[in-house]
Amino acid sequence: MRESREEGAGAMPVPELRETDEGLALVADGMELRGDFSRMLPRLRADRLGRELLVRAARVKGADAPTVFDATAGLGEDSLLLAAAGFEVTLCEHDATIAALLRDAMARAAEIPKLAGAVGRMRVLEADSLEVLPSLAQVPDVVYLDPMFPARTKSAAVKKKFQLLHRLEPPCEDAEALLRAAVGAGPRKVVIKRPVKGPLLAGIKPSYSLAGKAVRYDVIVPVR
């Protein structure tokens, strides 16, 4: 468990893990963050799930049980969408604290009948994706990348959530290496989450994109 520490006047305390009645939480500066898959239930309804941009972007023709390697798992909400749509998902998270929050959220969700099936198709791997991707025993159909958006001051909710996460795991600094490792793993496609008007990851033009009001999914189909 992480403990807060003083690092001089004006230093931000390090977020710490704390057991609460609602589950494991990350706490600092009066803010509290925990994984909560139950709030995703409305998006998992059969009449809505197939319209999710991420699900559409990740679809793989001819695959009965498509596999996804989520290289930037975070709190796992995007992976939950994919698992609910029938994908087998490996969630790779290198930060031990975030991985603990993710495992706790999955354990609680497994007790909810409407979430248990999806959670059963999710597996957490605590490791660095840059090290894991070149040595995967089985090539996934899809590699998913969400290198974290820069904090947006116009959205208090987003800002509050990412303030805590960024203290543990700042946005990806080597986008080129991450994308190179994803393509090098040999998947049928790489799906990249970006702000709808955000720049291309590592400046690489995708094969195609699917865009909504706030989010865009760039899809790279590697040449085989």
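No hydrogens, no waters, no symmetry mates; every other heavy atom, side chains included, goes into these values.
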Identify whether the distance between the nearest side-chain nitrogen and carboxylate oxygen of Arg39 and Glu77 falls below 4.0 Å.
-> yes
Salt bridge Glu176-Arg180, side-chain N to carboxylate O under 4.0 Å | yes
Hey, does the side chain of Arg194 reach the backbone of Asp146 with a donor-acceptor pair shorter than 3.5 angstrom?
-> no
Under the side chain to side chain donor-acceptor pair (under 3.5 Å) rule, what pairs show up with a residue in residues 125-137, not counting sequence neighbours?
-> Arg103-Glu126
Considering non-hydrogen atoms only, spot the tightest contact between Gly74 and Ile98 and give its length.
-> O-CG2, 3.5 Å
Across all chains, not counting sequence neighbours, the side chain to side chain contact (heavy atoms under 4.5 Å, CB included) partners of Arg188 are Val60, Ala63, Asp141, Arg224
Does CG belonging to Asp64 count more than 12 external heavy atoms closer than 6.0 Å?
-> no
Can you check whether Gly198's main-chain N or O pairs, donor with acceptor, with Arg216's side chain at less than 3.5 Å?
-> yes
Is atom CD of Glu22 surrounded by more than 12 heavy atoms (other residues, nucleotides or ligands) closer than 6.0 Å?
-> yes
Please round to the nearest 0.5 Å and tell me the distance separating atom OG1 of Thr90 and atom CG of Asp70.
-> 9.5 Å
Give a yes or no on whether the backbone of Leu54 and the side-chain of Glu52 come within a donor-acceptor separation of less than 3.5 Å.
-> no
Tabulate below the donor-acceptor pairs under 3.5 Å that side-chain atoms of residues 202-215 make, not counting sequence neighbours, or state none.
residue, atom, partner, partner atom, Å
Ser207, OG, Val221, N, 2.9
Tyr208, OH, Lys189, NZ, 3.1
Ser209, OG, Asp218, OD1, 2.6

Atom CZ of Arg121 and atom CG of Leu80: how far apart are they, to the nearest 0.5 Å?
-> 9.5 Å
